[in-house]
Asker: 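I'd like to ask some things about the structure below.
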Amino acid sequence: MAKLKNKLGKRIKELRKQKGYTQEKFAEKIGMATSSLGYLETGKFYPAPENVEKIAKALGVQVHDLFNFKDINNKEELLKEINEGIDFIKDNNEKLLTLYLFIKQLI
């Protein structure tokens, strides 16, 4: 599951840099502490579901674009990653709720 956090963090960092934002300026724009953005970009934690939309909007992308990882090339690999993530959190109701909220944002 850590792989997904790392991929999401790297993707947000990549998009932030493409837009020319420093961590400090971007954190300010989305109302997040710079240290929290740093933790997010290094894969130490996920953004709260309510922040996913803020991040996407500030970057000028759709929510699903945040999850457009270039190294996932096929459907089987993508489904494997998703299933591994679900297996990892299936006994944690809070994390399942967070996953549900992410999915609701995407569809």
Side-chain angles (χ1 to χ4, degrees):
M1 193 63 169
K3 282 172 58 176
L4 185 58
K5 282 196 277 189
N6 288 334
K7 289 177 183 180
L8 178 59
K10 285 180 184 179
R11 180 70 175 146
I12 291 170
K13 182 177 181 178
E14 172 189 11
L15 292 168
R16 172 182 61 78
K17 286 186 168 190
Q18 285 177 5
K19 295 291 182 181
Y21 290 116
T22 64
Q23 263 191 347
E24 294 79 13
K25 291 289 184 190
F26 190 66
E28 183 180 318
K29 184 173 182 71
I30 61 173
M32 181 181 284
T34 303
S35 59
S36 295
L37 179 59
Y39 286 134
L40 187 147
E41 288 186 350
T42 57
K44 291 191 170 95
F45 65 73
Y46 292 106
E50 61 272 12
N51 287 332
V52 173
E53 195 168 346
K54 283 184 194 176
I55 291 168
K57 185 176 181 178
L59 292 170
V61 299
Q62 299 294 316
V63 170
H64 65 84
D65 293 323
L66 297 177
F67 297 89
N68 184 10
F69 309 127
K70 294 178 175 105
D71 61 332
I72 298 178
N73 298 317
N74 61 53
K75 181 179 177 180
E76 291 78 24
E77 189 177 340
L78 180 59
L79 289 171
K80 180 182 174 212
E81 288 274 342
I82 291 169
N83 287 325
E84 286 175 2
I86 291 170
D87 285 343
F88 184 76
I89 65 168
K90 67 183 176 187
D91 295 326
N92 185 316
N93 286 343
E94 185 178 329
K95 287 186 178 185
L96 281 173
L97 177 59
T98 300
L99 177 61
Y100 170 78
L101 294 172
F102 273 122
I103 291 169
K104 291 295 284 182
Q105 289 287 326
L106 292 172
I107 56 176

Asker: How long is the straight-line distance from CG of Leu99 back to CZ of Phe88, given to the nearest 0.5 Å?
Answerer: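 The CG atom of Leu99 is 12.5 Å from CZ of Phe88, to the nearest 0.5 Å.
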Asker: Between atom CZ of Phe67 and atom CD1 of Ile12, what is the distance when rounded to the nearest 0.5 Å?
Answerer: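 If I round to the nearest 0.5 Å, the distance is 7.0 Å.
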Asker: Once you round to the nearest 0.5 Å, how far does OG1 of Thr98 lie from CG of Asn93?
Answerer: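 If we round to the nearest 0.5 Å, Thr98:OG1 and Asn93:CG are 10.5 Å apart.
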Asker: May I ask you to test the Pro49-Leu97 pair for a side-chain heavy-atom distance under 4.5 Å?
Answerer: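 No, too far: nothing below the 4.5 Å cut-off.
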Asker: I'd like to know whether CD of Glu50 has more than 12 heavy-atom contacts from other residues, nucleotides or ligands below 6.0 angstrom.
Answerer: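 Yes, enclosed.
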Asker: Does Gln62 CD have over 12 foreign heavy atoms under 6.0 Å away?
Answerer: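 Atom CD in Gln62 is not crowded, with 12 or fewer foreign heavy atoms closer than 6.0 Å.
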Asker: Tell me, please, which residues at least two apart from Gln23 pass side-chain hydrogen bond (donor to acceptor under 3.5 Å, both in side chains).
Answerer: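 Scan of Gln23 (side-chain hydrogen bond (donor to acceptor under 3.5 Å, both in side chains), adjacent residues dropped) gives Glu41.
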Asker: Is any side-chain heavy atom of Leu59 closer than 4.5 Å to a side-chain heavy atom of Leu66?
Answerer: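 Answer yes - side chains close enough.
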Asker: Side chains of Asn6 and Lys3: closer than 4.5 Å at any heavy-atom pair?
Answerer: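 SC-SC contact between Asn6 and Lys3 ruled out.
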Asker: State whether Glu84 and Lys80 are salt-bridged, where the test is any N-O pair (Lys NZ or Arg NE/NH1/NH2 against Asp/Glu carboxylate O) under 4.0 Å.
Answerer: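 Salt bridge: yes.
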Asker: With a cut-off of 3.5 Å and sequence neighbours excluded, list every side-chain donor-acceptor pair involving residues 24-31.
Answerer:
none

Asker: Count the heavy atoms belonging to other residues, nucleotides or ligands that lie under 6.0 Å from OH of Tyr100, then report whether that count exceeds 12.
Answerer: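 Incorrect, the count does not exceed 12.
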Asker: Going by heavy atoms in the side chains, are Ile55 and Leu40 under 4.5 Å from each other?
Answerer: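 Side-chain contact under 4.5 Å: yes.
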Asker: Checking Glu53 now: which residues fulfil side-chain hydrogen bond (donor to acceptor under 3.5 Å, both in side chains) with it, not counting sequence neighbours?
Answerer: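 Scan of Glu53 (side-chain hydrogen bond (donor to acceptor under 3.5 Å, both in side chains), adjacent residues dropped) gives none.
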Asker: Could you check whether any side-chain heavy atom of Arg11 comes within less than 4.5 Å of a side-chain heavy atom of Leu15, counting everything from C-beta outward?
Answerer: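 A side-chain contact under 4.5 Å exists here.
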Asker: Give, for atom OG1 of Thr22 and atom CZ of Arg16, the distance between the pair rounded to the nearest 0.5 Å.
Answerer: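 The distance works out to 7.0 Å.
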Asker: Would Ile103 end up clustered with Leu96 when hydrophobic side chains under 4.5 Å apart are linked, directly or stepwise?
Answerer: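 As far as the 4.5 Å side-chain criterion goes, Leu96 and Ile103 are connected within one cluster.
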